[in-house]
Amino acid sequence: MKFSSAYEPDKFEAEIYAAWEASGVFSPASLEAEKAYSIVMPPPNANGNLHIGHGLTVALEDSLARYHRLRGESTWYIPGADHAGFETWVVYERVLEAQGRSRFDFSREELYAQVWDFVHQQKSNMEFQVRQLGASCDWASETFTLDEKVVRRVYKTFEKMWNDGMIYRGEKLVNYCPKHQTAFADIEVEHVDEKGKLWDIAYTIVSETTGSAAAGSPTESALGGSAGVPPAASPVVSEIIVSTTRPETLFGDVAVAVNPSDSRYAGLEGALVELPLTGRQIPIVFDEHADPEYGTGAVKITPAHDYDDFEVGERHGLDRIRVIDDAGMMTGCGPEYDGLSTAECRKKVLHDLEEAGLLRGEHKITHAVAHCYKCGTVIEPTLKEQWFIDVEKLAAAAISAVSAGEIKFFPASKKKVLLNYLKGLKDWNISRQIPWGIAIPMFRKATSGRSSSSEDALLAHGTKSTARSDAPSSSNSIPAEASQDELPEWIFDTRTELSEIEYGGAKYVRDEDTFDTWFSSSHWPIVCTDWEEGLSNPYYPLNVMETGADILFAWVARMIMMGLYVTGSVPFREVYLHGLVLDAHGQKMSKSKGNVLNPVELVSKYGSDAFRMGILRGRSAGMNQAFSENSVVSGRNLCNKLWNLSRLVQSMVDEYEGDDKVRTLNMGEDWICREIDTARSAVEKQMKTYRFAEAVETLHSLIWDKYADWFIESQKIYKNVPLLKKTLMDILVMLHPFAPFVTEAIWQNLSFTSGMIIEAAWPARLKYDPISAAEFDGLTTVVSEIRRTYVAIPGGKRWPVLFGDDSLVDDNQLLIQSLTKAPSVMSCEGQPRGIRLALSGREVYLDVPSEVVAEYASSLEERILAVGRELDGLNARMMNPRYVDKAPAELVEETRRAIAEKEALIERLKLEREAI
RNA sequence: GGUUCCAUAGCUCAGUUGGCUAGAGCGCACGAUUCACAUUCGUGAGGUCGCAGGUUCGAGCCCUGCUGGAACCACCA
């Protein structure tokens, strides 16, 4: 094959990927492998293009996969695609909107089919892009989050949890987006600080509590502390002022709460107040929730639309009155208000209160408001019946496994963060009101009379709502001979393709909701590795889980809980969490800012390898770090360098006529073997500790600074072709995990390689003579000093090099001349002259006329001073008796040696100065 | 309010149980150049490691406090 002279990645990347894929090398060597290595791809959303974070994820994971494959492990890198329930749903709703249609124009089944087609088009696009990034993943094992095996496993887990009594139907407040008309988990809600207002509203007290009369005058004291409230004319307790940011929910008020310790309201417990605009009477309750410091210290309680109020309602057995419907419109508030949006209703309520003289104050405040993370709509806490998982046992198991160190975290600090989260975890709402997802396998007994829907505005007293005992405690495997009344309200059944089934002679209707995607994706390591009960599986647990630090809670925590629950063992041994890829100035990338970098564009501009090395550079675990095209350019330059030095080596091989036996090494050859070996063990350590950026840097330096700049240059003088072949192959293999395409392309172009580099073996330890290698270090010092001195001498001329009694220089005259481009290198024949190169401590001179030497004197003087300062520092250390006493002997000895060296150097420099 | 992280060269970042003159890439300056590579080669400038204390023979690293920045969680009637 002819090695083309230019490095043009777009000419070979696609072809090489296709060859890898066709060869079957992406599949694990054996399912029974002793040295198994498994890693899964966090499934990219199958609803669009890859973004920069996917680029990073693939660069990280694939370098791990390739590294372990080269090390002879049976490597299984499993790709996936995410149906991304809600995310895809949002994308598809936009598609529908563009067509002037809406989800409500279709049945659930029609919608499901449409989205299925849509996703499968997008999915192949996504897969193509993953290939462009070079992921060496086993496409035959690609797992889609709606695959049959996933659904089967998820149903199995759900059934187990149902039988274990961990699933319950609860009527709770959920985060509800009125635009998308679905509930969210807490983690899917974004809190944004916003400016708002706090209004003071007077509720008239209509009946005092019986028994003890109010001590003092609550109203008076309440008013005293509250600005903007007119002073009361009468000491008679007549009203209570509540503070609220949401006056429109007043129709749902069922009580007013005050803190029991708040003396302003002492004695008012149980008193009734009249709810403005409605005439309804509600009680005053004492509850710790009311903060005496905030507002007037009296808070209206709306259990159906506020989390805290919900809990207050639970404690006091209060009703829950829904006044906002699923579309975000007012309901059950009377004809004047029903059908208004919450914002319209707020205005009207405020206006009406003002008219009634009940609006007593208005304060500007800043408070956090929950928003839908996708559309930004304000989340409306809404009462819904949903399926919940009791997370207590799950979290406890995860906490104990993580605390016991069964999973190693990179960065380590994330372990603490995760434990902190698990300790405060609340029950998990797994119901979503969108059609695109895995159907919840639960059927409800159809009632003959009124609908069992929970959508009625006025709900019954809340005792049944969160009661778990309401649900049957076991699955429905035993047909009941009981009467219809004794049949369970809910039964588990996996026949979710049916909308209704029969059981015990009764009709059961499927719950229309789907699972939260995190419920199914928490099974990812289990389903991807085809783990099954009772079968041994060397690929489970995964060796590592690599994913974004932003989904530590949403995903990693849940995978750990689910892995432990389903398989009894943690789902992975190590977790590597990457941070966000920020733009060049450290800003978050966003479409609106216009600072988004597209990985696929960078790949086509600079090549896949350049992108991969570029995005890894300067990056460490868990940190949000800047990224710019510059680092990709640097990666591309390295590829170019490697390409060209490989061409040079090939040309040397082409001219060579000897055999492949590596002959005795010279010092430059010992030196490069030492450098390669050092780099190899450094990379091994770096890969073990997930220091990808450092591994790339190690290899960059090896290839450029060591191999190209010194070794290849020295081989232009003395060639050792068998060693050139061997070392080049080692270097290519070591870089392959990070730059798979260019290393494979070169491998295929070289005449002396066989097979594919992706299947090559990681380099073994190299033999070399360390003393000989160290001599070459001495030579590089001489060469560097000659170069530096050339630049330091005014005029920029290269002067002849003379040497005295120095075998190192004598033996390497040609090499020194070649590396320094000196006009000549020759013996001074016992007549030293010109400038002596003092730093290297060798008898080497530059044959410079005396008038030029004089001009050089000042730089020499500077150097004497600099060395003098270093010497002073070292001497000061030795003068300290406690240092000599307490520091390790080796270190002290080293310091002594350094002092001796510096003293000798200064002597030489002074001699040199005197010579001038 | 809670948890966690960060502050080192002009920029983006390394610096792994404390140890010799604190490193890299990019950028910058000066110089080179038929002979693998201008996507190149050589040389250099640039840092009191956020501030103040402490521990230690020795601190960029450990401890305390402070200042500035970020992320996440919870919450604000």
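We name chains A, B, ... by the order of the sequence lines, and we start the count at 1 in each one. Everything numeric in this text was worked out from a predicted model, so none of it was measured.
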Got a list of protein N/O to nucleotides 18-21 of chain B N/O distances below 3.5 Å?
residue: B:C20; atom: N3; partner: A:Glu894; partner atom: OE2; Å: 2.6
residue: B:C20; atom: N4; partner: A:Glu894; partner atom: OE2; Å: 2.5
residue: B:U21; atom: O4; partner: A:Lys902; partner atom: NZ; Å: 2.7

Sticking with atom [atom1], work out how far [N] lies from [M], rounded to a whole angstrom.
{"N": "B:G54", "M": "B:C73", "atom1": "C1'", "value": "34 Å"}
{"N": "B:G42", "M": "B:G50", "atom1": "P", "value": "33 Å"}
{"N": "B:G69", "M": "B:A45", "atom1": "P", "value": "35 Å"}
{"N": "B:C28", "M": "B:A9", "atom1": "C1'", "value": "12 Å"}
{"N": "B:C6", "M": "B:C13", "atom1": "C1'", "value": "12 Å"}
{"N": "B:G60", "M": "B:U8", "atom1": "P", "value": "15 Å"}

For nucleotides 1-8 of chain B, which of its nitrogen or oxygen atoms have a protein nitrogen or oxygen under 3.5 Å away, and what is each distance?
none

Is the positively charged end of A:Arg558 above the ring of A:Trp428, judged by distance under 6.0 angstrom from the centroid and angle within 45° of the axis? yes

Side chain of A:Lys426, base of B:A74: donor and acceptor closer than 3.5 Å? no

Measure [atom1]/[X] against [atom2]/[N] and give the value in whole Å, please.
{"X": "A:Leu173", "N": "B:C75", "atom1": "CG", "atom2": "C1'", "value": "15 Å"}
{"X": "A:Ile786", "N": "B:G31", "atom1": "CD1", "atom2": "P", "value": "22 Å"}
{"X": "A:Gln587", "N": "B:U12", "atom1": "CD", "atom2": "P", "value": "11 Å"}

Name the residue closer to the 5' end of RNA chain B, choosing between A:Gln625 and A:Leu648 according to the nucleotide with the nearest heavy atom.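 The 5'-side residue here is A:Gln625.
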
Starting at the 5' end of RNA chain B and moving along, which residue's nearest nucleotide shows up first, A:Tyr7 or A:Asp550? A:Tyr7

Can I get a per-line list of side-chain donor-acceptor pairs under 3.5 Å for residues 627-641 of chain A, giving both atom names and the distance, sequence neighbours left out?
residue: A:Ser628; atom: OG; partner: A:Asn630; partner atom: N; Å: 3.3
residue: A:Glu629; atom: OE2; partner: A:Lys605; partner atom: NZ; Å: 2.6
residue: A:Glu629; atom: OE2; partner: A:Tyr606; partner atom: OH; Å: 2.7
residue: A:Ser631; atom: OG; partner: A:Gly614; partner atom: O; Å: 3.1
residue: A:Ser631; atom: OG; partner: A:Ser628; partner atom: O; Å: 2.9
residue: A:Asn640; atom: OD1; partner: A:Asn644; partner atom: ND2; Å: 3.3

Counting the atoms with a prime plus P, OP1 and OP2 as sugar-phosphate, which does [X] contact under 4.0 Å by heavy atoms, base, sugar-phosphate, or nothing?
{"X": "A:Gln650", "value": "nothing"}
{"X": "A:Arg691", "value": "base"}
{"X": "A:Arg617", "value": "sugar-phosphate"}
{"X": "A:Thr820", "value": "nothing"}
{"X": "A:Glu713", "value": "base"}
{"X": "A:Asn630", "value": "sugar-phosphate"}
{"X": "A:Lys685", "value": "nothing"}
{"X": "A:Ala584", "value": "sugar-phosphate"}
{"X": "A:Thr244", "value": "sugar-phosphate"}

Writing each nucleotide of RNA chain B 5' to 3' as (, ), [, ], | or . by Watson-Crick or G-U pairing under 3.5 Å yields (((((((..((((.....[...)))).(((((.......))))).....(((((..]....))))))))))))....

Applying side chain to side chain contact (heavy atoms under 4.5 Å, CB included), can you list everything that pairs with A:Lys416, at least two apart in sequence or on another chain?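 Once residues adjacent in sequence are excluded, A:Lys416 has no partner under the side chain to side chain contact (heavy atoms under 4.5 Å, CB included) criterion.
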
Rounded to the nearest 0.5 Å, what separation is found between the [atom1] atom of [X] and the [atom2] atom of [Y]?
{"X": "A:Gln625", "Y": "A:Leu580", "atom1": "CD", "atom2": "CG", "result": "10.5 Å"}
{"X": "A:Asp253", "Y": "A:His305", "atom1": "CG", "atom2": "NE2", "result": "10.5 Å"}
{"X": "A:Lys706", "Y": "A:Thr678", "atom1": "NZ", "atom2": "OG1", "result": "8.0 Å"}

Can you tell me if A:Asn595 uses its side chain to pair, donor with acceptor, with the backbone of A:Lys588 under 3.5 Å? yes

Flag, side chain of A:Arg320 to backbone of A:Thr302, donor-acceptor distance under 3.5 Å: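 Not confirmed, A:Arg320 side chain does not pair with A:Thr302 backbone.
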
Which protein N or O atoms sit under 3.5 Å from an N or O of nucleotides 42-44 of chain B?
residue: B:G42; atom: OP1; partner: A:Asp709; partner atom: OD2; Å: 3.3

Nearest-nucleotide pick for A:Lys716, side chain only, options being B:A14, B:A36, B:U39: B:A36

Regarding A:Glu893 and A:Arg896, does a basic nitrogen lie under 4.0 Å from an acidic carboxylate oxygen?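 Yes, charged N to carboxylate O under 4.0 Å.
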
